[in-house]
Structures are given as structure tokens and as C-alpha cells.
There are 2 protein chains.
Amino acid sequence: MGTRGLTKEKIVAEAVAYIEHTGQPTISLHELARRLNVKPPSLYNHIQNTKELQYAVFQYAIDHLVAHQKNAVEQLKGDEAVRAFSIAYLAFAAAHKGLYRLIMTMPSEQDEQAKELALPLLELVVDLLSSYGLCADDIAHWQRVLRAILHGFLSQEDLGYFYYYNSIDLEKSRELAVQCFLDGLHTFLNHTVKAEQE
Amino acid sequence: MGTRGLTKEKIVAEAVAYIEHTGQPTISLHELARRLNVKPPSLYNHIQNTKELQYAVFQYAIDHLVAHQKNAVEQLKGDEAVRAFSIAYLAFAAAHKGLYRLIMTMPSEQDEQAKELALPLLELVVDLLSSYGLCADDIAHWQRVLRAILHGFLSQEDLGYFYYYNSIDLEKSRELAVQCFLDGLHTFLNHTVKAEQE
DNA sequence: TTGATAAACTAATGCTATTAGTTTCATAAT
DNA sequence: ATTATGAAACTAATAGCATTAGTTTATCAA
């Protein structure tokens, strides 16, 4: 009993390890305590509640996703950057199922704190689209579209909605989805340019 | 005590009413029993477990969404149909937050039963894209893309990921997303036609 | 050596779902 | 009319979850 070198960092690390291993986005305090050789209430000496733990893991997930994405688009611009970003994004979700599931279930409309934590991801996509010469508003719009496509694809996949037509190549669908975004963006840019010339 | 005219239908109806009212995708048996003036274990005379209840509500949600969508695209074809479908889809999610949340959290990769129930929705989108002259495989791909965009948009919105740049018109983003899909599809069709002519 | 503090503990509460075993009521058969 | 059966309610109990209150222990500084 007494002091055992438990810290918030170790708790979060163990939670992350579990989530990475199982693919589930959460872990119960019971299971977490068991793995740390401690009784559940002891965890409350280091964390406020499960919410705070979730925030910490969410933070970790976002940080890693953002680092992963930054690395993927380094030195790239335009379509090439968008393509690299998309491929990396989808790959991250596949490699870290539990973490991505957390990212895609965690925040809620009212939860300001969680949304703050997710800001870096948004900024990254804004940067990604900055080389197309769009105005700030349009960057905001297209940022939403790109994220909707990528996230929507992953979400449907995860939910099993793409299970039907199983035989049909998922990889090709993904490429088409990304190409669709680029073609849609190009068409928009052409129209915008034309409109400005008149 | 004794018999009170409780049925599975009434239970499901009450669960649906709660979900529609609160916007939450689930209801606890405790709350459900309370609303039906019954003790929680009594519900087990009519349902197997919460899973079965969820299936029933999910079924209801899918049926209504499909009916709503069928009605929206009646008589329409091509881009007009896609646009009407998209607008109606997004409107349904807004009007039935709880039901759509259930649709977007319920099935899981391993749950064959839930995925069966969702099939009509898939078929609807396949029909929607049937007038473009795509081959079966390409319909399957583009069906995925359209659903990814619509669902991804709703999901991000619901999660609060579009909260930033709050001032920027959500409605316009939605229109851009749908237009993006159509432009992407048109570009794809042009390329396909060209390839066939060579 | 002592005393304060941090960090563990036990015990208990209250929320879930669920099961076992019991009672009651309505209906069908005598 | 009476009785018996089965459906549908009940009570009581179990088990898993988060959480709180109150208690003990170990470490570290005075």
C-alpha cells in the first residue's frame, strides 16, 4: 500500500496502450486499475474522473494524428499535398483504430474543451488548402468538405456500411473519393476565376 | 399487476418517442419502464434484451429514412435527383437527430443483423446513380462516395468539428459538398467516355 | 523521531442490465 | 360457475460500471 509511483502520465499511457491494442475507444476504470495493479478508487488520486481521462487520451490521439499528417504533407503543395494528406489520414485510422474511433466519437456540440483540443487538426487542413488561392471563407468551406469526405468514408467503413459489395475494391473507392474532391475543387476554382474575369 | 396491455410495439414506440424528443440515440430500460408505468424486468416479457430493442428502433429509423428519401427523389433523375436526395438526407438528420445518431452509431463490422437492416438505404443510393450509365462496379464506388460525403458532413457537424468558423455559412458548405460530388462524378464520366472512344 | 502529506486502501452508493423465482389476472375448458 | 393454465406483471438478487467518504500506510522534511 502507501505510495506506488503511479502518475497521471502512466495512467494515460496504459489507457492508450489498451485502446491501441483492443481497437476500442474507451477503457473502464476497473480494467485500467487492474492493469496498473491498483484498486479503481486509487485512480482518483491522479485524475478527476473518466471525462478527464478521456480528454487526456483524446489529446494524445489528436497530437499523434496531427504529427502524422504534418509529416505526410511536408514539402508538398496543391493536389499532391491533398492526396498525401488523404492517404495518410486513412492510413492513420486503419493503424490506430481505437484512437481514431475516439476522435470520431469524443467531442460533442456542447463540449467546448474537447473542441479546443481538436483545433490543430482543423488548422492543418486550412494550411493544406492555402495554396489554391481561395478566399478565407472558401477555405473554410472546402476544409469542411475534405474532412467530411475522409471522415465519412472511415465512419461508414467502420460501421460496416461498406460491407455490401464486399468484393468491390475499397482502395479504389477511396481513390475515387479523393479524386472527386480534387475535381470538385478544380471545377469550383475554374468557375470562380471565370466569374472574376467578367 | 397481472396483465396490462403492454406489447413490443408499444415499447418500441415509446423508445422512439423518447429518442425523437431528446435527440439521444438510446434510452435506458429504467427510463423506458418508468414511462410505461412498469418495472424494468417486466420489459423482458416482450423483448429479449436491449440489443433487440435497439434493432427494432434501428429498423424503424431506417424505414423512415428510406421512405423519406424515396419520397424526395420521386420522378427525378440524374443531378436533380442527387441534389434532392442530398438535401432530404441532411434535412432528415436535422429533424430526427436521435434516429440519425442511432443509424450512425448502431451497426458494427461484426453485426450481420444490423447490416442487413440497413440494406434498403444502400439500394436506394444505387438506384439514384443508375441513370448515369455507370457500370455496376462504378455505381458501387460512387454510392460509397456520396454516402461518405453526406454522412461525413453530418457526423462532423454533430461532433462539433464544424463549430469553428461558426460564422461561416453551414448551408453553403453543404451545397458545395453536394456540388463537389456532382462535379467529381461528371469529371469521372467525361474521362470514362474519352477512354472508351480511344 | 515525529508529523504532515500523498497515495493507496475499504466500504458504500447509485446507476446500469439482467436473471430467478413468485404472484396475479384474464381467458378457455370443464 | 369454477377451475386451471399461461401470459405478464411483480420482488429480490447479482454483477459491472463510476464515484465518494472515510481510513490507513508509507515516505520525506523538520
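For the numbers below, each heavy atom of this structure counts, side chains included, while hydrogens, waters and symmetry mates do not. Numbered from 1 within each chain, the chains take letters A, B, ... in sequence-line order. Fair warning: this is a prediction, and the values are worked out from it, not measured in the lab.
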How do A:Tyr44 and B:Asn37 order along DNA chain D: which one's closest nucleotide is nearer the 5' end? B:Asn37
Taken to the nearest whole Å, NE2/A:His30 to P/D:dT19 is 15 Å
Closest non-hydrogen atom pair, B:Thr26 against B:Gln54: CG2-NE2, 2.9 Å
Ring geometry between B:Phe92 and B:His68 (parallel below 30°, tilted from 30 to 60°, perpendicular above 60°): tilted
For A:Ile11 and C:dA6, give me the distance from atom CD1 to atom C1', rounded to whole Å. 14 Å
Just how far, in rounded Å, is C1' of C:dA8 from NZ of A:Lys10? 14 Å
Between B:Pro41 and A:Pro41, whichever has its closest DNA chain D nucleotide further toward 5' is B:Pro41
Can you tell me which nucleotide in C:dA8, D:dT11, D:dT19 comes closest to the side chain of A:Leu29? D:dT19
Quick note, A:Lys39 side chain, CB onward, closest among C:dC9, D:dA8, C:dA17 is C:dC9
To the nearest Å, how far apart are A:Glu9 CD and C:dA7 P? 12 Å
Need one value for A:Ser42: base, sugar-phosphate or nothing, where a base atom within 4.0 Å counts as base even if backbone is also close, heavy atoms only. base
C:dC15 C1' sits how many Å from B:Arg34 CZ, rounded? 15 Å
Taking the basic N atoms (NZ, or NE/NH1/NH2) and the acidic carboxylate oxygens, is any pair closer than 4.0 Å for B:Arg35 and B:Glu31? yes
Using whole Å, what does the distance between atom P of nucleotide D:dC17 and atom CG of A:Leu43 come to? 13 Å
Nucleotide nearest B:Ser28 (side chain, heavy atoms from C-beta), chosen from C:dA7, C:dT16, D:dT11: C:dT16
Value in whole Å for how far the P atom of D:dA18 lies from CD of A:Glu31: 11 Å
Separation of atom CG in A:Leu32 from atom P in D:dC17, rounded to whole Å: 12 Å
Using a 4.5 Å cut-off on heavy atoms from C-beta on, say whether the side chain of A:Gln179 contacts that of A:Arg83. yes
Is there a side-chain contact between B:His46 and the phosphate of D:dA9, meaning an N or O under 4.0 Å from OP1 or OP2? yes
Base C:dA6 paired with A:Asn45 side chain (donor-acceptor, <3.5 Å): no
Just one of A:Thr192, A:Asp138, A:Asp79 clears the side-chain hydrogen bond (donor to acceptor under 3.5 Å, both in side chains) bar with A:Tyr132, so which one? A:Asp79
